[in-house]
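Input: a single structure, listed below in structure tokens.
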Amino acid sequence: MLDPKVFRQKINDLQEKLKLRNFTIDLDWLQALEAERKILQSQTQALQNERNVLSKQIGQKKAKGENTEDSLAKGEKIAKALQEKEEALKSLQKKLWDFQTTVPNLPHVSVPPGKNPLDNLEVRKWKEPPLFPFEPLDHIALGKRLHGIDFDQATRIAGSRFVILNGPVAELHRALTNWMLDVHTKEHGYTEVYVPYLVNENSLFGTGQLPKFESELFKIERDPPYYLIPTAEVPVTNLVRERILEAEALPLKWVSHTPCFRSEAGSYGKDLHGMIRQHQFEKVELVQVVRPEHSYKILEELTSHAETILKKLELPYRVIALCGGDLGFAAAKTYDLEVWLPSQKIYREISSCSNFESFQARRLEARWRETPSAKPDYVHTLNGSGLAVGRTLIALMENYQDQNGNIAIPAVLHPYMKGITHIEK
RNA sequence: GGAGAGGUGGCUGAGUGGUCGAAAGCGGCGGUCUUGAAAACCGUUGAAGGGUUUAUUCCUUCCGGGGGUUCGAAUCCCUCCCUCUCCGCCA
């Protein structure tokens with residue numbers, strides 16, 4: 001979340017910046033609430049002070065054996081008045097908190113202006129989309145032909161938006177995962193972490209999924225509830241929750257492979273067919289925790305790490321800078337990587353790399369300090385998919401198909417596929 | 001799942017109703033000593049928030065979370081969470 005001070009001091013500034021992402025706040029309402037808070041808080045604190053002073057006096061009198069009847073009566077009065085003020089203040093502060101925790105992050109100055117995905121800016125493109133001398137099949141048809149992808153069985157077992165992979169295609173899916181993890185750990189300096197797939201509410205609050213986006217999550221009803229992670233970002237970023245990190249510990253670079261679970265409520269009709277949008281999918285996620293002054297340099301670096309995967313697979317892609325209106329709730333700046341899908345003749349999102357600045361850190365209480373005696377400050381957090389495995393599988397199948405519907409396996413994956421070079425019927 | 005123990009500052013750990021934001025030790029920082037360092041000694045050392053100001057001062061809150069009793073709670077009561085030990089079960 002944002003620094004609470006901006007709601008008190010730089011309110012017009014705030015309004016301007018939030019407009020860039022289609023978010024408006026009721027200034028009059030907020031300022032009235034703030035004014036009330038100020039008065040109420042001062043009164044409450046004054047009463048607390050009176051109570052503390054008096055209580056101390058009573059203690060001293062009792063020690064000396066003096067009469068305390070008058071003081072006790074006075075104390076009772078204060079306690080009563082104080083209780084009223086405290087309750088009023090508490091409910092007011094809850095109102096402010098509820099509001100503040102649902103205000104999105106502010107876009108970085110370099111974020112392109114715009115309202116919707118059409119205003120996103122193409123930053124660069126890599127490799128021309130291939131020209132097929134035949135009509136390329138989509139992954140659904142390819143998967144069916146090779147008995148590698150089965151949606152019907154998945155529907156029977158679980159329901160819609162699930163998939164079953166079979167034989168060499170399942171192996172390719174696993175090979176991709178292992179290979180990506182190796183590239184990031186061996187070539188990019190990330191440390192692999194294995195994390196819980198069920199998390200508590202605090203973790204989801206920390207990274208910004210709660211309280212606003214509960215409908216997109218799968219919840220396990222118990223007391224307290226668990227949630228299935230929508231991305232490894234949640235458990236991994238929460239590794240720094242409520243910690244004060246020493247300067248030499250930064251940057252922290254983690255890579256984690258997890259399944260991701262999304263209920264995608266409200267998205268019905270979108271990508272209804274195929275593996276594009278599933279309730280369960282695999283992702284290799286990159287997370288970095290860095291000093292604030294480095295975070296934009298790191299965003300470029302982290303994005304390039306995700307790009308490396310596409311380059312090594314020789315898949316055509318482009319990099320998009322999301323405009324203000326398309327930015328996710330917690331992000332200050334985001335690059336999407338979009339891979340070419342020959343069957344649809346469009347680029348589809350396969351990775352999203354974001355700098356959250358201190359937005360998540362403030363929710364997480366994740367801080368660092370220059371020296372052990374220095375004042376702690378919030379870290380900056382970043383993450384990006386490196387990459388979404390299911391979508392990579394699709395892109396690979398579609399881009400590497402031949403006219404018979406067989407699939408060549410890119411050379412970098414051969415060592416991960418027991419030497420298999422093609423998937424054939 | 002059953003039985004027991006426990007959650008206190010960066011760490012270890014004392015504290016069962018009143019000057020406790022909290023002893024002591026370790027660690028950190030500053031200093032004395034030293035050519036330098038170590039040791040020793042002395043001093044110092046939590047976070048968040050608010051008011052007033054811009055450089056000082058004042059105040060509040062925080063001893064796992066929430067609630068209660070009381071003039072006053074780290075300390076008493078209720079409740080939840082978590083950790084550890086033993087037993088049971090289990091990959």
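Labels below follow one simple rule: chain letters A, B, ... track the order of the sequence lines, proteins then strands, and each chain is numbered from 1.
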Students often get this wrong, so: under 4.0 angstrom with heavy atoms, is R243(A) touching a base, only sugar-phosphate, or nothing?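 No contact at all - R243(A) keeps every heavy atom at 4.0 Å or more from the nucleic acid.
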Using a 4.0 Å heavy-atom cut-off, does R362(A) contact any base of the nucleic acid, only the sugar-phosphate backbone, or nothing at all?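 No contact.
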Of the nucleotides C71(B), G49(B), U52(B), which one has an atom closest to the side chain of K38(A)?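 My answer, after comparing the listed nucleotides, is U52(B).
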Looking only at side-chain atoms of Q48(A), point me to the closest of U61(B), A47(B), C59(B).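 Ranking U61(B), A47(B), C59(B) by closest atom to the Q48(A) side chain puts U61(B) first.
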What's the [atom1]-[atom2] distance between [X] and [N], to the nearest Å?
X	N	atom1	atom2	result
Q93(A)	U61(B)	CD	P	13 Å
Q100(A)	G49(B)	CD	P	12 Å
E86(A)	C62(B)	CD	P	9 Å
K77(A)	U70(B)	NZ	C1'	18 Å
K85(A)	U60(B)	NZ	C1'	16 Å
E201(A)	C81(B)	CD	P	13 Å
L92(A)	G49(B)	CG	P	18 Å
Q41(A)	G51(B)	CD	P	7 Å

My understanding is that a pair needs two contacts under 3.5 Å, Watson-Crick or G-U wobble. By that rule, which nucleotide pairs with [N]?
N	answer
A5(B)	U83(B)
A38(B)	none
U69(B)	none
A74(B)	none
C26(B)	G10(B)
U52(B)	none
A47(B)	U61(B)

Could [X] and [Y] be called an ion pair, given the rule that one side-chain N must be under 4.0 Å from one carboxylate O?
X	Y	value
K186(A)	E192(A)	no
K312(A)	E187(A)	yes
K74(A)	E76(A)	no
D119(A)	K115(A)	no

Pairwise [atom1] distance, [M] and [N] [rounded to whole Å]:
N	M	atom1	result
G6(B)	G15(B)	C1'	16 Å
G27(B)	C81(B)	C1'	31 Å
U16(B)	C11(B)	C1'	25 Å
G9(B)	A5(B)	C1'	23 Å
C29(B)	G46(B)	P	15 Å
U85(B)	C71(B)	C1'	43 Å
A48(B)	G36(B)	C1'	42 Å
A47(B)	G10(B)	P	8 Å

Row check, Y227(A) ring normal vs K219(A) NZ/CZ: under 6.0 Å, within 45°: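 Judged by the rule, K219(A) and Y227(A) form no cation-pi pair.
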Does atom [atom1] ([X]) have a neighbourhood of more than 12 heavy atoms from anything else shown, all under 6.0 Å?
X	atom1	answer
K77(A)	NZ	no
E293(A)	CD	yes
R174(A)	CZ	no

Closest-nucleotide mapping onto RNA chain B: is E87(A) or D3(A) further toward the 5' terminus? I mean the 5' end.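 Nearest-nucleotide comparison on RNA chain B picks D3(A).
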Position toward the 5' end of RNA chain B (nearest nucleotide), E76(A) or R51(A):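 First, find each residue's nearest nucleotide; the 5'-ward one identifies R51(A).
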Indicate whether any N or O donor in one side chain lies under 3.5 Å from an N or O acceptor in the other, for Q43(A) and K85(A).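 Judged by distance alone, the side chains do pair up.
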Quiz question: by atom type and distance under 3.5 Å, do the side chains of K283(A) and T231(A) form a donor-acceptor pair?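 Checked: K283(A)/T231(A) side chains pair up, N/O donor to acceptor below 3.5 Å.
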Taking N or O atoms only and anything under 3.5 Å, show me the protein contacts with nucleotides 11-20 of chain B, one pair per line.
unit_1, atom_1, unit_2, atom_2, d
G18(B), O6, K62(A), NZ, 3.2
G18(B), N2, S55(A), O, 2.9

For [N], take OP1 and OP2 only and decide whether either is under 4.0 Å from a side-chain N or O of [X].
X	N	answer
K90(A)	G67(B)	yes
N52(A)	U61(B)	yes
N49(A)	C59(B)	no

